[in-house]
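Below you'll find the structure, written out as structure tokens, and then a few comments.
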Amino acid sequence: MSVDPSSPAPAPSDFIRDIVAADVAAGKYAKIVTRFPPEPNGYLHIGHAKSICLNFGIAREQNGQCNLRFDDTNPVKEDVEYVDSIVRDVRWLIAGWADSCLGFKPRGGKPIPVTSNGQPDSYLGPVSPDSPDAEPFFASDYFEALYAYALTLIRNGDAYVCDLSAKETDEYRGAPDQPGRDSPWRGRSVAENLALFEGMRRGDFPDGARSLRAKIDMASPNVWLRDPLLYRIRHVPHHHAGNAWCIYPLYDYAHCLSDYLEGITHSICTLEFVDHRPLYDWILEKLRLPRALPHQYEFAKLVPGYTLVSKRKLLHLVTQGIVSGWDDPRMPTLSGLRRRGVPASALRRFVTGVGVTKYDSVTDIALFEHAVRDELNGSSERRLAVLRPIKLVLTNLAPGEIVSCEATNNPQSDTPTTRPVDLTREVYIESDDFAEVPPPKYFRLKPGGEVRLKYACIIKLDEIVKDASGAITELRCTADLTTRSGQPNADRKVKGTIHWVSATTCIDAEVRLYDRLFSVAEPAREEDFLRVINPKSLETVTAKLERSLAGLAGGVCHQFERLGYFTTDPVASRPDRLVFNRTITLKDAWTAPGGK
RNA sequence: UGCCCGAUGGUGUAAUGGUAGCACAAGCGACUCUGACUCGCUUUGUCUAGGUUCGAGUCCUAGUCGGGCAGCCA
């Protein structure tokens, strides 16, 4: 059954949603605002889908908003190619589900001066993502505001310009079990710090010559509180901010303030940022900001089995040409999954189904596969296709004779429709569906055995024809036309039913059979993940399809009966030259004794 | 050997001091013109040791195991 949108699954519950609900009950915020803050340095993957669904899901359940914001504070690693792909992927994932919660801002918009609780303040409000002048939020649009906040920290004696080199800074930081030492520049006067920081902005100093640091505690057991860097000098242009800056803020400084400027209430990130939370809070508190402060909460990221969720490693697969690109259908990227034919709804169902906890785990890929199959089972029309054909001759049919049979388009539908399929003297069946020496409990075609051709009739194998080398060239069978639907023996039972296509009216198509990219459950644990790549992750065959598929425009998923779900490849397929991607196989409970 | 986070069947999770439940996976069976779907049944679990309590998966203490943190990355 297809999913009824009027009766959605019950809203999920988890420790973060509990916190949000408590804050709502306490009237802490006027409106719940979350954010999804990717850095545009790679494509979004299945792990990000969890974060997107969590953040947008909460916004959706609370009648709130979720801002798409680029955390673009490191121009050397970022690119507009990534911002474009990320916008596309996010919109695809939430389409028809949380579009109305998506927070964008006016094009070119930057934080504006406002008065909050009688105090001067800065704020950047949202605009409908569908308005013509809307664009996502960018941390780089806050550089001016961030600079002003930095000046305040300096004036208050909470930040200083440090002249230590990167290497020296490391040495002064100490070790986790060893306290750090104060920088010799820690005691500079406010006036000197101000002058130097202004010089940094002006471009007076080369990369790495100085940095702005928070003045916290070099002996803190939390290394992130040992006078962390706030700004570094980088004389490079920025993909969004242009050439306006040669100093760039670091994540910890930019993130909390970006959240504040946008009025974020719940800043949800992954576990590796737990140690940063005191710094997040420290910066906001030191600035004595007039509005309610955002708070950070952390959850365990999603790591599905047999895949990699590391932008760095994924980038490596792309640049080494191990896959065809970020959108290769074997990639765990959202664009790869989309191209493969995975519906956004299945992805959403999977990532919300795994829940939200603080426990690091590897999620069984079967959970994902189940969600995909379940979603596609209800929505996909059935078609007949033979991937690895073997010719079968129905000796009692005349050459040129076509027996039209009625095939059901979708048995899961409440009102199933049908289409005609052609039964002819020569047909193709799957080579897997014939065994000259069948294993025990083999239901398919075997010497002297009977099987039903789905939607057609029962056939009996009479003769196996081989060539001089002993290879099978054709199977000669007798068709019992009285077992066709509507005929007197239609109800006759045989154990096996197989799929087939007419050899005379079928069409050819390229079909790409994808399998998992890695051969081990946790490729991330390997010393060299390239050594555990599944050599059979892609096999391409020329398949025989029933003629009703001819001219298929694309974008639609079909179930090829008994095989799996297949979607035309959006890049390679044309109506006159079809190319299919196998999205996923059908579940297969049959295993020949001894494996198969 | 500093700080932080965590631990419930094979996997992911629920139980908010009161009957350890759900989904997936696995196994068996029913149904079947898809060895799919659907349906029924079954196997498997609270890291350890103490403590608090009438009662602990839940609270406390200690331990064990796993993960994270020493980028001018995010």
Side-chain angles (χ1 to χ4, degrees), chain A residues 1 13-15 18 37-39 41 71-74 76-78 162 164-167 169-170 173-180 207-208 210-213 220-226 228-234 248 250-252 254-255 269-278 298 300 302 305 311-312 353-371 373-374 377-378 382 384 407-408 411-412 441-444 452-458 483-485 490-499 521 559-564 585-591:
Chain A
M1 270 329 111
S13 167
D14 54 67
F15 79 98
D18 289 347
E39 184 189 15
N41 66 346
D71 228 336
D72 55 349
T73 55
N74 185 9
V76 308
K77 288 189 175 177
E78 299 159 7
C162 180
L164 252 25
S165 69
K167 189 161 175 279
T169 304
D170 275 354
R173 187 159 29 232
D177 57 347
Q178 207 73 53
D207 287 3
R210 298 183 209 270
S211 61
L212 184 73
R213 294 231 250 163
S220 171
N222 180 343
V223 294
W224 290 101
L225 259 21
R226 320 243 264 226
L229 270 77
L230 269 21
Y231 273 90
R232 79 284 227 185
I233 300 171
R234 287 280 178 280
Y248 291 98
L250 277 104
Y251 166 83
D252 290 294
H255 202 89
C269 61
T270 44
L271 253 23
E272 65 266 32
F273 293 103
V274 170
D275 292 333
H276 298 233
R277 194 189 331 132
E298 312 87 9
L302 171 64
K311 282 193 210 170
R312 204 196 92 243
V354 298
V356 181
T357 65
K358 301 176 87 155
Y359 177 63
D360 275 312
S361 60
V362 175
T363 299
D364 192 338
I365 197 67
L367 259 34
F368 169 73
E369 295 175 341
H370 172 76
R373 289 190 182 107
D374 205 38
N377 179 41
R382 316 283 124 125
L384 295 176
T408 304
Q412 305 289 321
K441 292 178 59 178
Y442 186 81
F443 297 166
R444 288 108 95 158
R452 178 178 283 277
L453 296 183
K454 177 116 182 163
Y455 302 126
C457 61
I458 292 171
T483 58
R484 291 172 59 211
S485 179
D491 290 337
R492 219 185 104 201
K493 308 292 182 197
V494 284
K495 197 64 185 165
T497 298
I498 64 173
H499 56 96
Q559 183 197 103
F560 290 172
E561 298 224 28
R562 302 210 311 132
L563 295 171
T585 62
L586 247 31
K587 188 175 169 185
D588 186 5
W590 161 250
T591 312

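Letters A, B, ... mirror the listed sequences (proteins, then strands); counts begin at 1.
- When distances run from any side-chain atom of A/Thr357 to the nucleotides B/rC73, B/rC33, B/rU13, the shortest one goes to B/rU13.
- Without hydrogens or angle criteria, A/Asp275 side chain to A/Asn222 main chain gives no donor-acceptor distance under 3.5 Å.
- Across B/rC73, B/rU1, B/rC33, the shortest atom-to-atom separation from the side chain of A/Lys77 is found for B/rC73.
- Among B/rG6, B/rC33, B/rC72, the nucleotide with an atom closest to any side-chain atom of A/Lys358 is B/rG6.
- Rounded to whole Å, atom C1' of B/rC69 lies 14 Å from atom OH of A/Tyr251.
- Between B/rC72, B/rA74, B/rG2, one nucleotide has an atom nearer to the side chain of A/Pro176 than all others, and that is B/rG2.
- When heavy atoms are screened at a 4.0 angstrom cut-off, A/Arg452 is found touching base atoms of the nucleic acid.
- The aromatic ring of A/Phe443 sits over the base of B/rG35, with ring centres less than 5.5 Å apart and planes inclined by under 30°.
- Listed nucleotides: B/rA70, B/rC4, B/rU34. Nearest to the side chain of A/Arg173: B/rA70.
- Closest contact between the side chain of A/Trp590 and the listed nucleotides B/rG35, B/rU13, B/rC5 involves B/rG35.
- Checked against B/rG35, B/rU1, B/rC24, the side chain of A/Ala366 finds its nearest nucleotide in B/rC24.
- At a cut-off of 3.5 angstrom, counting only N and O atoms as typed in the model, there is a donor on one side and an acceptor on the other between the side-chain of A/Asp275 and the base of B/rG68.
- For the C1' atoms, the distance linking B/rC33 with B/rC28 amounts to 25 Å, nearest Å.
- Nearest to the side-chain atoms of A/Arg232 among the listed nucleotides B/rU16, B/rC72, B/rU34 stands B/rC72.
- Syn is the classification of B/rG71, since its glycosidic angle stays within 90° of 0.
- The nucleotide whose nearest atom lies closest to any side-chain atom of A/Thr363 is, among B/rG12, B/rC33, B/rG68, B/rG12.
- With C1' as the reference atom, B/rG9 and B/rA25 are 11 Å apart, rounded to whole Å.
- The side chain of A/Lys587 places an N or O atom within less than 4.0 Å of a non-bridging phosphate oxygen (OP1 or OP2) of B/rA25.
- Nucleotides B/rG27 and B/rA36 place their P atoms 12 Å apart, quoted to the nearest Å.
- Judged by distance alone, with hydrogens and angles left aside, the side-chain atoms of A/Arg452 form no donor-acceptor pair with the main-chain N or O of A/Lys493 at under 3.5 Å.
- Nearest to the side chain of A/Val223, among B/rA70, B/rA7, B/rC3, sits B/rA70.
- Between A/Lys495 and B/rG35 there is no side-chain polar atom (N or O) within less than 4.0 angstrom of OP1 or OP2.
- Listed pair A/Arg234 / B/rC73 meets the phosphate criterion, a side-chain N or O lying under 4.0 Å from OP1 or OP2.
- Taking CH2 from A/Trp224 and NE2 from A/His276, the interatomic distance works out to 4.0 Å, rounded to the nearest 0.5 Å.
- Remark on RNA chain B: of its neighbouring residues A/Gln559 and A/Arg277, the 5'-side contact belongs to A/Arg277, judged by nearest-heavy-atom nucleotide.
- Atom P of B/rC72 sits at a distance of 40 Å from the matching atom of B/rA15, rounded to the whole Å.
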